[in-house]
Number of protein chains: 2
Amino acid sequence: MGERPLLALDRVDLQVRQGEWVALIGPSGSGKSTLLAILGLLDRPSSGSYLLDGQPVEKLDDLALARVRNRRLGFVFQAFNLLPGLRADENVALPLRYAGVSRPERLARARAALERVGLGDRANHKPGELSGGQCQRVAVARALVSDPAVILADEPTGNLDSSSGAAVLELFRELHRAGRTIVMVTHDPDIARSADRRVALADGRVVSDG
Amino acid sequence: MGERPLLALDRVDLQVRQGEWVALIGPSGSGKSTLLAILGLLDRPSSGSYLLDGQPVEKLDDLALARVRNRRLGFVFQAFNLLPGLRADENVALPLRYAGVSRPERLARARAALERVGLGDRANHKPGELSGGQCQRVAVARALVSDPAVILADEPTGNLDSSSGAAVLELFRELHRAGRTIVMVTHDPDIARSADRRVALADGRVVSDG
Ligand SMILES: Nc1ncnc2c1ncn2[C@@H]1O[C@H](COP(=O)(O)OP(=O)(O)OP(=O)(O)O)[C@@H](O)[C@H]1O
Ligand SMILES: Nc1ncnc2c1ncn2[C@@H]1O[C@H](COP(=O)(O)OP(=O)(O)OP(=O)(O)O)[C@@H](O)[C@H]1O
Ligand SMILES: [Mg+2]
Ligand SMILES: [Mg+2]
């Protein structure tokens with residue numbers, strides 16, 4: 001290994017307007033998940049700044065960050081990150097706990113979200129009792145259950161067949177029509193085509209945007 | 001939930017000849033990973049039988065099963081299943097430990113396998129220091145390092161961009177030309193087209209084969 005540190009992102013300069021749908025594309029290892037984690041307040045950049053709704057996030061402490069994250073953002077992780085000990089509906093309901101919603105109401109909303117991704121009949125299965133694509137859809141449902149203004153999705157259809165993938169894409173289109181902001185990492189050119197704009201990364205740099 | 005048990009697989013009857021490349025396709029939740037786990041001796045069917053190289057596997061105890069698995073099979077897991085505490089080369093070298101190969105030789109072969117999936121320069125990264133697609137390629141390298149006669153791959157390109165995905169597909173083509181047997185679950189129609197034959201599942205049943 002050389003002495004130069006590895007730059008997962010290199011002088012990335014990006015603006016996303018409210019209501020815009022951006023597809024983030026690029027080769028494996030090009031920095032997409034790293035960028036999405038910064039946008040999702042899950043990671044702090046080693047240099048540079050990030051304004052979310054005009055507010056510089058560097059000024060926020062971890063507690064304030066968590067509050068903004070919970071209120072404004074929904075995140076679909078590339079590896080799903082479901083809690084193995086909780087059922088699907090409990091996993092999906094998690095973001096609503098911090099919002100102070102009662103448990104029966106949380107589970108009702110979670111099951112409605114699971115219905116929308118075709119998993120109404122799997123609500124009481126745990127992740128170990130679900131297929132890979134079903135886990136992915138639970139992760140999508142969890143990101144949407146609190147009806148966030150901004151949705152950050154890392155490869156939301158990577159484990160889905162064309163028909164479940166199309167259903168998830170249709171769900172995102174609906175959210176987009178309702179005015180939500182979407183930043184979606186995808187390797188699928190058809191999915192990238194549905195977005196308003198495609199930002200391409202290579203070796204941590206933005207190489208095209210349009 | 002009704003009283004009828006859920007059948008992940010339902011009267012599946014399948015023959016795979018030596019050297020054949022089968023693509024296993026079908027909707028999310030249709031039973032593909034369950035079938036692959038049975039073929040990979042990672043799961044026993046609740047009824048029915050499985051002959052591997054003409055030998056009924058029900059007769060083998062867990063130790064004998066592990067030995068056959070290690071000698072004859074390479075498995076790419078849908079969720080990769082890498083050990084987070086080990087580096088990429090150590091993860092890839094694991095199947096060679098049971099084969100009694102010395103440590104320097106194991107690591108040399110592991111690094112060669114990582115080179116073949118484009119990760120020669122990531123050999124000493126741990127899974128937490130790798131992107132999703134890089135983890136997937138480490139899982140592919142691990143399945144191939146012992147040069148197994150049969151390769152079982154569950155969605156080996158689900159997290160890869162078109163260029164890394166094409167490179168992995170080319171690797172499988174090479175193995176196929178060298179006479180290896182491949183059963184590959186995939187959601188990608190292009191990948192399914194490269195196989196000799198496509199077996200489609202729906203609700204646990206084989207619905208087409210050809
Ligand atoms: N331990 C379990 N208990 C109950 N149901 C299970 C369990 N494990 C899996 N299932 C169910 O078995 C069915 C088949 O699962 P499997 O993982 O084989 O599907 P798959 O075809 O690989 O799907 P995908 O394309 O989404 O990966 C799914 O509907 C799943 O919910
Ligand atoms: N903790 C770490 N230490 C060192 N390098 C890291 C670490 N985490 C990630 N990397 C490297 O940073 C680069 C960017 O990773 P990132 O996960 O953002 O890529 P990606 O574009 O999402 O890739 P993929 O499409 O495969 O998911 C990769 O080359 C990876 O090896
Ligand atoms: Mg990624
Ligand atoms: Mg599966």
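Quick caveat: nothing in here was measured; it's all calculated off a predicted structure. Only heavy atoms go into these numbers, but all of them, side chains included; no hydrogens, no water, no symmetry mates. Reminder, nothing fancy here: chain letters follow the sequence lines and each chain counts from 1.
- Residues B/G132 and A/Q78 share a closest heavy-atom pair of CA-NE2, 3.6 Å.
- Proximity to chain B is limited to the side chain of A/S164, based on heavy atoms less than 4.5 angstrom apart.
- Between atom NE2 of residue B/H125 and atom CG of residue A/L6 there is a gap of 6.0 Å, rounded to the nearest 0.5 Å.
- For A/D203, the CG atom counts as loosely surrounded, since its 6.0 Å shell holds 12 or fewer non-hydrogen atoms of other residues, nucleotides or ligands.
- Counting heavy-atom neighbours within 6.0 Å of A/R103 CZ, excluding the residue itself, gives a total of 12 or less.
- Enclosure of atom CZ in A/R44 by more than 12 non-hydrogen atoms of other residues, nucleotides or ligands within 6.0 angstrom is indicated.
- Atom CZ of B/R173 sits in a crowded spot, with more than 12 heavy atoms from other residues, nucleotides or ligands closer than 6.0 Å.
- In terms of heavy atoms, A/N159 sits closest to B/E155 at OD1-CG, 4.2 Å.
- Other residues, nucleotides and ligands contribute more than 12 heavy atoms inside 6.0 Å of the CZ atom of B/R197.
- The backbone N or O of B/S28 lies less than 3.5 Å from a partner atom in the side chain of A/D161, making a donor-acceptor pair.
- Chain B forms the most heavy-atom pairs under 4.5 Å with one residue out of A/S131, A/P189, A/C135, and that residue is A/S131.
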